[in-house]
Colleague: 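Sharing a structure with you now.
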Amino acid sequence: MKELLERIRDRAQRMGVQFMDARMFALDATGVSVEDGKAADVGQRRNSAVGVRVLVDDAWGFASTDIITPEALEESLKSAIEMARSSSARVVNAGVVAKVSPVVDTVRAVVERDPRSVLLEEKVRRAADYESAGVRAGQDKISNSIVHYNDWWSREIVCNTHGTLVDQEIMRTMIFAVFTATDGTVRQRAYKVITEQVGYELLDRVSAAEFTEEVAKKVVALLSAKRCPSGKFPVVLDPSVTGVFTHEVLGHNAEADFVFNGTSIIEGKVGQQIASEHVTIVDDASIPRLSGSFSYDSEGLPGQKRTIIEKGVLKGFLHSLETAARFGVQPNGSGRAQDAHKMPIVRMSNTYMQPGKHTLEDLLKDIDVGILIEDAGGGYVHPEKGHYTCMANQGRMIRNGQLAEPIREITFTGVMLETLRNIDAVSRDLVFWPGMCGKGGQSAFTTCGGSYVRVKEVVVGGQE
Amino acid sequence: MADLRELAHLACKQAVRMGAECADVTLNRDRSIGVKVEKNGIHDAKEARNTGVSVRAIVKGATAFATSSRIAPEDVREAAGRAAAAAKLAQPDPDFVSLPEPSAYEAVPGLYDERIAQMSVGDLIRTLGDGIDEAREVCPEVVVEADAGLSVHEWVLVNSLGVEAHIRRTGIGSSYFCVVRRGDDVGSFYDYDCAHMLDDYHPEGLGAKVCKDALGFLGARSVRSAVMPVVAGPLVAISLFGSIAGAAGAEHIQRKRSYLVGKRGQRIGPEFLTIRDDGFIPRGMGSGPFDGEGAARKRVTIVENGVLVNHLHGSYTAHKAKEENTGHGNRNRGVSPTNVIPSLGGVLAAEIIRDTKEGIYLNMGGLWPSLASGEISSTVDFGFKIENGELAYPLKNTMIGISIFDLLNNLDAISSDYREEPGQIMPTIRVRSVKVAGAE
């Protein structure tokens, strides 16, 4: 395979491209789904493809194919060049690529138990055991129970005209539970996902108590939680919500393609105080086992730690080969592609707010009426305006510095630069939360993380 | 080029030979071209060619899928063997009765246009170039991001009961996102046009429209929290009706995870509200003669005069409920709507706004009820304050909260006019009483 990619790279160089990379991506994945007591759905996916990207006449062209033969790759190369040449007349910002030293490396996924050697019956049995344990813990209130097990082995080979040839395997394993509970006319849903770059040993390590039983107890408790109030409140975000907030609100704005394109609110603000001094935000692709980590990105650059904000000062952005050249900085390993059918774009990896010094009790004690927002449900941002929305599944009212009645389904919004400046305390915990990030029609494994964070004021859109 | 039908039959027979009690196989062959604009110029142009086989084998109701991106005969046989072997290892599901059986399909015209299949990347680049120029004529300092793409899609499904479904579709579309900055103030907006047929694709003027809309969002402010009417424009209203249709899917109902559980036969909205699903609208984006399992589609009235009357079914849920399969299934036992068509009212959208003394107008964004609880808590991403019947100023830092049943009970107007995309009718609606949270 590497020889095939090197051959097409050499061909591209003879054809006079400014830059070229060829990426092979292969996937071998297995999934088991258990629903309402039956592990009746299993799936196995195998695919492979090659994507060829070229810079010709200052324009980018790309072509991909599932057929991995010299002839098909030659066709893809010709198609990519044609795509680029067709575009060049309407290019305003000439395509560029940072000059980097070539990287040659092979990285194999190292796990304790390779899921590909675990029998499917074992995966079915284990997923079913998790589900039944959760249902038992739900006190007959669980009206729908779903447990998914998935493992993914992927291999990406990146070969480019810099001389880079990187061959990287990644193994990820995931367990995911979502339970619906009903009591009369009240229906609630709760879930938990654990995704790590480990093998099947994940299931040996995670007990039902810490997984499905926890979800069941959570969803049953939500049945008696009150509806969320509506208005402006001081809030404390739990680590998962802080993580989503950090990813959505700051992370996307720090992706340098958004910044270059004029669609990031923090354009032109490097060196400025854009958040309170309590805020330090990092994106780190080198943390072992987290699902967003990688040894090399999809352009063959090493995964690394990037400080985006330090004590409230914007330090820099996440860069690909192209955006680094545009900004005159070193690329920092943020060019990721979902698979070979997509071009690399700037993506996060594991984005988190660094812990502070306080305890949760410290954060609560000065709040007369506020909300502790817990159990992140997702979020999104309009990076050009910095307007964000974060969702959470549950929380507690804070009254006179104490946790009070539980509430459910909390969504809050704000303007990024205002909210970051309104963070006035950060706890000393640090928890990571795995997820999938969507951008430009591509999905990427990411993790977000943080501590308990107090924000002076956000708008909460409840129903009460 | 390999015949997809022959390969599908090959795989299906292999799955049964290897122990599946029944099986279905899909094969696809796709080609797509896409062009991306960043910062007012073309950034990249790309072409992708995908093929794939997916075998679903069923043993005692347990389902196993095996897929591959390779579709040579040996590859599809291998996938079939994997699926059959895996199905024997999954746990039986006694609720499974049968895959769909052969039935006649009603033809749906207007899903494939050879002219689109013959188009080149240059055609897309020209369209985008025109759109950028239009936008910059409206406002020279606008930043335009845009995409244009076309796709040619061939899909075959064969099952062991004799179903054979084959379809070709083309698609073409473009979208624009415009950003205008005036100091720290930012206005932005997004819009799109898409179609199966070239005659339904009208990108002219889209760049200019989106730029004008983006200018309209400069100067956004928040509001004081209050209870007030909310007027939802076409894009927001159709997403609401689509989510109601989705919640009426029988899979969600039977699994007791939808807020519509137990509501069939009950009034859930005003008498003037009817919501239909129609997968036969010629040229419709959601249209097709059969569903994801090759079952013939049916037209379904979901809500009639305010009453929830029907669920949408696939083969699994239909057998379980002992009802007719409405042809909305997919091979993961899920159910999804096609083209969701709401009833129309007697008043123009402009009149609904004029009739609203104070309220919120939602231009784009969601009214997305939680599937389980039906609660809505949404940010006003692109909206305006209505004052004295006019759109007064754009909003930021504003949210709305209501339950879906309160929303439907407070629905007091549906417009007579609408935005139309192929297969979609998108009116404007008003909800008379909604909790609005603001930062003022």
Side-chain angles (χ1 to χ4, degrees), chain A residues 35-36 38-49 59-66 79 83-84 86-87 90-93 120-121 124 128 143-144 180 182 187-189 227-228 230-232 257 260-263 265 341 343 382 384-385 387 389 409 411 413-415 459-463, chain B residues 35 38-52 61-70 82 86 89-93 121-122 125 129 143 145 179 186 188 222 225 255-257 259 261 370-373 375 377-379 381 396-403 435 437-439:
Chain A
E35 186 162 14
D36 296 335
K38 299 184 213 93
D41 283 296
V42 300
Q44 294 179 326
R45 275 190 298 149
R46 285 187 192 154
N47 59 54
S48 56
W60 288 103
F62 179 80
S64 64
T65 175
D66 292 309
S79 175
M83 295 285 139
S86 301
S87 317
R90 287 289 325 209
V91 165
V92 169
N93 309 291
L120 185 58
E121 306 90 295
V124 168
S143 49
N144 177 236
T180 304
T182 307
R187 181 171 288 106
Q188 284 292 297
R189 197 184 74 133
R227 293 168 94 196
C228 179
S230 170
K232 281 185 299 185
D257 49 357
F260 178 77
N261 294 340
T263 53
I265 198 73
H341 287 297
M343 287 175 52
H382 294 286
E384 76 283 4
K385 300 186 283 195
H387 294 184
T389 297
E409 295 184 85
T411 303
T413 191
V415 179
V459 173
V460 176
Q463 300 83 22
Chain B
V35 182
E38 289 180 352
K39 209 169 185 177
N40 303 334
I42 302 288
H43 178 266
D44 61 75
K46 42 195 174 276
E47 180 182 49
R49 292 178 187 265
N50 297 79
T51 54
T63 298
F65 283 90
T67 71
S68 174
S69 52
R70 299 184 194 192
R82 270 193 288 134
L89 300 174
Q91 293 178 350
D93 181 358
V121 66
I125 289 168
V143 172
E145 275 194 2
V179 178
V186 179
S188 61
S222 187
S225 299
R255 298 287 186 186
K256 296 189 172 33
R257 49 178 185 243
Y259 58 82
V261 169
S370 154
L371 177 65
S373 67
E375 302 283 20
S377 180
S378 294
T379 300
D381 290 316
K396 67 175 181 183
N397 245 348
T398 305
M399 297 193 72
I400 57 178
I402 191 169
S403 79
K435 206 170 232 0

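Letters A, B, ... are given to chains in the order of the sequence lines, protein chains preceding strands, and every chain is numbered from 1.
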Colleague: Roughly how far, to the nearest 0.5 Å, is the CG atom of B:Asn40 from the CG atom of A:Asn261?
Modeller: 9.5 Å

Colleague: Indicate yes or no: at least one non-hydrogen side-chain atom of B:Arg255 is less than 4.5 angstrom from one of A:Asp36.
Modeller: yes

Colleague: I need the minimum non-hydrogen distance between A:Arg187 and B:Tyr259, along with the two atoms involved.
Modeller: NH1-CA, 3.8 Å

Colleague: For A:Asn93 and B:Lys39, indicate whether the former's side chain and the latter's backbone hold a donor-acceptor pair under 3.5 Å.
Modeller: yes

Colleague: Among A:Thr411, A:Val124, A:Val92, which has the most heavy-atom pairs under 4.5 Å with chain B?
Modeller: A:Thr411

Colleague: Do the non-hydrogen side-chain atoms of B:Ser370 and A:Arg189 ever get within less than 4.5 Å of each other?
Modeller: no

Colleague: I need the residue from B:Ile400, B:Asn397, B:Leu371, B:Ile125 with the largest number of non-hydrogen atom pairs under 4.5 Å to chain A.
Modeller: B:Asn397

Colleague: For a quick test of reading the model, state the closest non-hydrogen atom pair linking A:Ala39 to B:Ala90 and the distance between them.
Modeller: O-CB, 3.5 Å

Colleague: At a heavy-atom distance under 4.5 Å, which candidate from A:Val91, A:Thr65, A:Thr413, A:Asn47 has the highest pair count against chain B?
Modeller: A:Thr413

Colleague: Where on B:Ser225 is there a heavy atom nearer than 4.5 Å to chain A: the side chain, the backbone, both, or neither?
Modeller: side chain

Colleague: Does some side-chain heavy atom of B:Asp381 sit less than 4.5 Å from a side-chain heavy atom of A:Thr389?
Modeller: yes

Colleague: May I ask you to check whether over 12 heavy atoms, not counting those of B:Arg257, lie within 6.0 Å of atom CZ?
Modeller: yes

Colleague: Need one label for B:Thr398: side chain, backbone, both or neither, based on atoms under 4.5 Å from any heavy atom in chain A.
Modeller: backbone

Colleague: Could you measure the distance from the CD atom of A:Gln188 to the CD atom of B:Glu375? Nearest 0.5 Å is fine.
Modeller: 7.5 Å

Colleague: Do B:Ser373 and A:Glu409 touch side chain to side chain, with heavy atoms closer than 4.5 Å?
Modeller: yes

Colleague: Testing the basics here: between A:Gly462 and B:Lys435, what is the closest heavy-atom pair and its distance to 0.1 Å?
Modeller: O-CD, 4.0 Å

Colleague: Between B:Lys396, B:Lys46, B:Arg82, which shows the greatest number of heavy-atom pairs under 4.5 Å with chain A?
Modeller: B:Arg82

Colleague: What's the separation between atom OG in A:Ser79 and atom CZ in B:Arg49, rounded to the nearest 0.5 Å?
Modeller: 6.5 Å

Colleague: Would you say A:Ile265 and B:Val186 make side-chain contact, with heavy atoms under 4.5 Å?
Modeller: yes

Colleague: Which atom pair, heavy atoms only, marks the closest approach of B:Ala439 to A:Lys232?
Modeller: O-NZ, 2.9 Å

Colleague: Is a side-chain N or O of A:Asp66 found less than 3.5 angstrom from the main chain of B:Thr51, in a donor-acceptor match?
Modeller: yes

Colleague: By a 4.5 Å heavy-atom criterion (distance strictly below it), what part of B:Glu38 contacts chain A: side chain, backbone, both, or neither?
Modeller: both

Colleague: If you count heavy-atom pairs under 4.5 Å between each of A:Glu384, A:His387, A:His382, A:Glu121 and chain B, which one has the most?
Modeller: A:Glu384

Colleague: Select one option (side chain, backbone, both, neither) describing which atoms of A:Ala128 are under 4.5 Å from chain B's heavy atoms.
Modeller: side chain

Colleague: Would you say B:Ser69's side chain and A:Ser48's backbone share a donor-acceptor pair under 3.5 angstrom?
Modeller: yes

Colleague: On a heavy-atom basis, which atom in B:Ala437 and which in A:Val460 lie closest, and how many Å separate them?
Modeller: CB-O, 3.4 Å

Colleague: If you define the side chain from C-beta out and look only at heavy atoms, does anything of B:Ser188 sit under 4.5 Å from A:Lys385?
Modeller: yes

Colleague: Which region of A:Thr182, side chain (C-beta onward) or backbone (N, CA, C, O), has a non-hydrogen atom less than 4.5 Å from a non-hydrogen atom of chain B, or is it both or neither?
Modeller: side chain

Colleague: Could you tell me whether the side chain of B:Ser403 reaches within less than 4.5 Å of the side chain of A:Arg227, counting heavy atoms only?
Modeller: yes

Colleague: Between A:Thr263, A:Asp41, A:Thr180, which has the largest tally of heavy atom pairs under 4.5 Å with chain B?
Modeller: A:Asp41

Colleague: Is it the backbone or the side chain of B:Arg70 that comes under 4.5 Å from a heavy atom of chain A, or both, or neither?
Modeller: side chain

Colleague: Could you pull out the closest heavy-atom pair between B:Ala86 and A:Leu120, with the gap in Å?
Modeller: CB-CD2, 3.5 Å

